[in-house]
Amino acid sequence: LHFLFSGAKMIKNIISKSLGFIGYTIQYGCIAHCAFEYIGELVVCSGPSMEPTIQNHDVVFSERLSCHLYCIEKGDIVIAKNPSDPKMNICKRVIGLEGDKVCTSSSSDIFKTHTYVPKGHIWLEGDNIKNSTDSRSYGPVPYALIRGRVCFKVWPFHNAGTFGKSPNERVPRNV
């Protein structure tokens, strides 16, 4: 009888500790989810479209508060859902906000073409304009597709820090 009571107590102890562990796991999972969804996240960038600013496999920190508070400005680098493939994210620079007139042709074109960014949209381009699929291909991007604003580069450590202006002067000045 003592053996059965001891075994039942041991099973109760194991179940209690397991449930406690599951409870803590759920709590920390919820905290992590909220942090990544509403505060920010680390993003590994791939592809040549943002070179030389962001190289292939650089790690950046993308904060989420700016897009929730509608504080995205021209010149910012953002992470957004790809309008052509929503399963993928893109990393591009904001060239124009709603109502802005943007140049849609390349710098080598003799005749320049322009368009206006419609309400609720932004115009995104990669810094590597010769090797970037961006708004020049798929048009203005709905503001709702923005996932976050890139604040600084985390990796590689020797290049860590904030970002400067666009290296190709595609961001129009505020008038």
Side-chain angles (χ1 to χ4, degrees), residues 35-156 158-175:
F36 291 139
E37 187 64 30
Y38 298 106
I39 297 172
E41 65 183 334
L42 295 175
V43 178
V44 179
C45 297
S46 62
S49 72
M50 283 302 291
E51 291 177 355
T53 308
I54 299 172
Q55 304 289 325
N56 197 26
H57 303 300
D58 282 358
V59 179
V60 297
F61 178 75
S62 170
E63 59 89 10
R64 299 277 177 104
L65 295 175
S66 291
C67 61
H68 291 303
L69 299 173
Y70 297 94
C71 297
I72 301 296
E73 299 176 357
K74 284 191 273 188
D76 286 346
I77 299 171
V78 296
I79 304 293
K81 289 289 181 189
N82 186 334
S84 303
D85 182 5
K87 293 178 184 173
M88 293 184 62
N89 289 328
I90 56 173
C91 180
K92 307 289 181 194
R93 191 176 296 270
V94 177
I95 303 300
L97 302 171
E98 64 181 41
D100 287 344
K101 182 180 179 181
V102 292
C103 180
T104 59
S105 53
S106 70
S107 56
S108 61
D109 291 346
I110 296 171
F111 298 104
K112 303 295 180 194
T113 56
H114 296 84
T115 191
Y116 286 94
V117 181
K119 185 174 177 139
H121 290 71
I122 58 174
W123 191 268
L124 300 176
E125 292 182 11
D127 284 355
N128 185 355
I129 58 174
K130 292 181 180 175
N131 195 5
S132 176
T133 302
D134 48 38
S135 286
R136 294 171 296 152
S137 302
Y138 42 70
V141 176
Y143 196 91
L145 294 183
I146 299 173
R147 303 284 295 147
R149 183 179 64 87
V150 176
C151 299
F152 54 88
K153 189 183 299 187
V154 177
W155 181 264
H158 67 277
N159 283 337
T162 58
F163 299 100
K165 294 181 179 181
S166 173
N168 58 31
E169 301 298 322
R170 293 279 292 178
V171 180
R173 292 184 207 99
N174 288 333
V175 179

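What you see below is based on every heavy atom in this structure, not just the backbone, and it leaves out hydrogens, waters and symmetry mates.
The side-chain heavy atoms of Ile122 and Pro140, taken from C-beta on, include no pair separated by under 4.5 Å.
Residues Ser132 and Glu125 share a closest heavy-atom pair of OG-C, 4.5 Å. When all heavy atoms of Pro83 and Ile90 are compared, the pair lying nearest together is CD-CD1, 4.2 Å. Closest approach of Asn82 to Tyr138, counting heavy atoms only: OD1-CE2, 4.3 Å. When all heavy atoms of Asp76 and Cys71 are compared, the closest pair comes out as OD2-O, 4.1 Å. Contact between Gly126 and Lys92 at its shortest, heavy atoms only, is N-CD, 3.8 Å.
Between the NZ atom of Lys81 and the CG atom of Asn89 there is a distance of 4.5 Å, given to the nearest 0.5 Å. Here CG of Leu65 is found 7.0 Å from CD1 of Ile39. Values are rounded to the nearest 0.5 Å. Between the OG atom of Ser49 and the CG atom of Asn56 there is a distance of 9.5 Å, given to the nearest 0.5 Å. Taking CG from Leu97 and NE2 from His121, the interatomic distance works out to 13.0 Å, rounded to the nearest 0.5 Å. In this structure, the separation between SG on Cys45 and CH2 on Trp155 is 15.0 Å, given to the nearest 0.5 Å. Going from atom CD of Glu98 over to atom OH of Tyr116 covers 14.5 Å, rounded to the nearest 0.5 Å.
Judged by distance alone, the side chain of Thr104 and the main-chain N or O of Thr113 form a donor-acceptor pair under 3.5 Å. Not one N or O on the side chain of Arg147 forms a donor-acceptor pair closer than 3.5 Å with the backbone of Arg64. Of the possible donor and acceptor atoms, one in the side chain of Lys153 sits under 3.5 Å from a partner among the backbone N and O of Thr53. In terms of modelled atom types and a separation under 3.5 Å, the side chain of Arg149 and the main chain of Glu73 share no donor-acceptor contact. Remark: side-chain polar atoms of Asn128 are not paired, donor with acceptor, to backbone N or O of Glu51 under 3.5 angstrom.
With salt bridges taken as basic N to acidic carboxylate O contacts below 4.0 Å, one links Asp134 and Arg136.
Residue Leu124 is tested with Val78, Ile95, Ile146 for a side-chain contact (heavy atoms from CB on, under 4.5 Å); the sole match is Val78.
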